[in-house]
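Atom set for the values below is all heavy atoms of this structure, side chains included, hydrogens, waters and symmetry mates excluded. Chain letters run A, B, ... following the sequence lines, proteins first, then strands; residues in each count from 1.
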There are 2 protein chains.
Amino acid sequence: MKNSIGRPRSFNEQEVLQKAMEYFWEHGYDRSSLSVLLNAMGIKKSSFYQTFQSKEHLFRLCLELYTKMGSEYLATLVDEKGEKGVLLYIVYSTMEELRHTGRAKGCLLMNSGSECYISHPHFNELIHYEFTVFQKLFRKLIDEAQKKGDIKNQTSSRVLGSIYQSLINGLVQMIQVGAQTEELEAVVKHIEDLLE
Amino acid sequence: MKNSIGRPRSFNEQEVLQKAMEYFWEHGYDRSSLSVLLNAMGIKKSSFYQTFQSKEHLFRLCLELYTKMGSEYLATLVDEKGEKGVLLYIVYSTMEELRHTGRAKGCLLMNSGSECYISHPHFNELIHYEFTVFQKLFRKLIDEAQKKGDIKNQTSSRVLGSIYQSLINGLVQMIQVGAQTEELEAVVKHIEDLLE
DNA sequence: TTATTTTAGTACCGATTGGTACAGAAAGGA
DNA sequence: TCCTTTCTGTACCAATCGGTACTAAAATAA
């Protein structure tokens, strides 16, 4: 079925897609020019257009891949860290990233939402859909943690999830605007208290 | 002193700077091309370069103007609404903007922080400085409101201010990613409770 | 071998980017 | 009037943007 006639493709589509996703994640849509994307992906222009059609289509695939990889990764962490542990891990790993690299990439979906919602509104629907995937995941994690008693706060998972998402994305913004460690730690502590 | 020889300038520098600032606020730095800026400002290219030197210099002036106008405006609101009232007003006006226009511009400094901190790091220092102006303002508002008893929460203004800023900017991000009204209202309610 | 497909590489395309240069008209003070 | 400055307007610049077209080599199945 897959073995078609002719020279076989020498690159793995998923692998180069992931490279593109990582580049978009770090630099955003508009600042990822085709030439730098091709460098990051390690393929040539003709191969790119044959496989991915356009930059816009590539970005859509990357948004989907981000959600897929991200949610699957978090799901695997539940066994190791527990539901509440995963929610806190997201916060801690953001702070860890800041400590090691001096910055924080944040969430590709939130970043893209900010970047595109006026200048590329045709992405809005997809971005929002992918966002709801994480939203549902967080709610599930909160529900489970509440059942287990790991989270005593009995606020509904919908409300708690929204506050959690606002806080964690606000935290990333504070990092990007250069807030000091003490101020960031205050936000981290508030998230911890929220999930107490 | 100001009346120099020759034809006088036919536009008010502050006025056209404000027009530029509003355009940057709505569209960001990179997506504000010189040609659209000139349209928004209502001046010609030669006048622009003579007065503002470069797009980068213009942006710096706009960041400073945003802080100046914003903090002065908030200061005038204190008499009318009180310190706590001003903090809540910022939240409510964001939701009001969403209701009327279907979107939220957010804060120019936070937006610029996200946009520029990797691709235009030479703005980072200025952005952070302007950010601290608002930070200090919010702390002062919180301190006063706590003294008056309008805010019972006795958490330090530094901590409370950081959480407040994270939440309000997270709220804007949630809007930009297309979150639903109920989820946004949950965040608004959380901010109200925080300042209770 | 032959047919088929992907590869790398190059040359374009029109549009746009920030920025410079220069023209000539207009408006004021000395 | 004369000098100075700003005005509008046009023409340019090199660089980059996303995208298309094409060649020729390479790799595979039939």
5'-most contact on DNA chain C: A:Arg9 or B:Glu56, nearest heavy atom basis? A:Arg9
Residue [X], side-chain atoms from C-beta onward, closest of [options]:
{"X": "B:Pro8", "options": "D:dG18, C:dT17, C:dA27", "value": "C:dA27"}
{"X": "A:Ser35", "options": "D:dG19, D:dC17, D:dT6", "value": "D:dC17"}
{"X": "B:Ser47", "options": "C:dA8, C:dG18, D:dT8", "value": "D:dT8"}

Would you say a side-chain N or O of A:Lys44 is under 4.0 Å from OP1 or OP2 of C:dG9? yes
Given D:dT6, is OP1 or OP2 found less than 4.0 Å from the side-chain N or O atoms of B:Ser10? no
Output the rounded distance in Å from [atom1] ([X]) to [atom2] ([N]).
{"X": "B:Ile43", "N": "D:dT6", "atom1": "CD1", "atom2": "P", "answer": "13 Å"}
{"X": "B:Phe48", "N": "C:dG18", "atom1": "CZ", "atom2": "C1'", "answer": "9 Å"}
{"X": "A:Arg31", "N": "D:dG18", "atom1": "CZ", "atom2": "P", "answer": "13 Å"}
{"X": "A:His57", "N": "D:dG19", "atom1": "NE2", "atom2": "C1'", "answer": "16 Å"}
{"X": "B:Leu34", "N": "D:dA14", "atom1": "CG", "atom2": "P", "answer": "19 Å"}
{"X": "A:His120", "N": "D:dC17", "atom1": "NE2", "atom2": "P", "answer": "14 Å"}
{"X": "A:Gln53", "N": "D:dT20", "atom1": "CD", "atom2": "C1'", "answer": "15 Å"}
{"X": "A:Lys45", "N": "C:dA11", "atom1": "NZ", "atom2": "P", "answer": "13 Å"}

Base C:dT6 paired with A:Arg7 side chain (donor-acceptor, <3.5 Å): yes
Is the Lys NZ or Arg CZ of A:Lys19 less than 6.0 Å from the centre of A:Phe11's six-membered ring, within 45° of the axis? no
Over-ring placement of A:Lys84 relative to A:Tyr89, 6.0 Å and 45° cut-offs: no
Close side-chain approach of B:Leu194 to B:Ile151, heavy-atom, < 4.5 Å: no
Which is true for [X] with a 4.0 Å heavy-atom rule: it touches a base, it touches only sugar-phosphate, or it touches nothing?
{"X": "B:Thr51", "answer": "nothing"}
{"X": "B:Gln50", "answer": "sugar-phosphate"}
{"X": "B:Phe11", "answer": "sugar-phosphate"}
{"X": "B:Ser46", "answer": "base"}

In terms of relative ring orientation, are B:His27 and B:Tyr23 parallel, tilted or perpendicular, with 30° and 60° separating the classes? parallel
Classify the ring geometry of A:Phe24 against A:Phe59: parallel below 30°, tilted from 30° to 60°, perpendicular beyond 60°. perpendicular
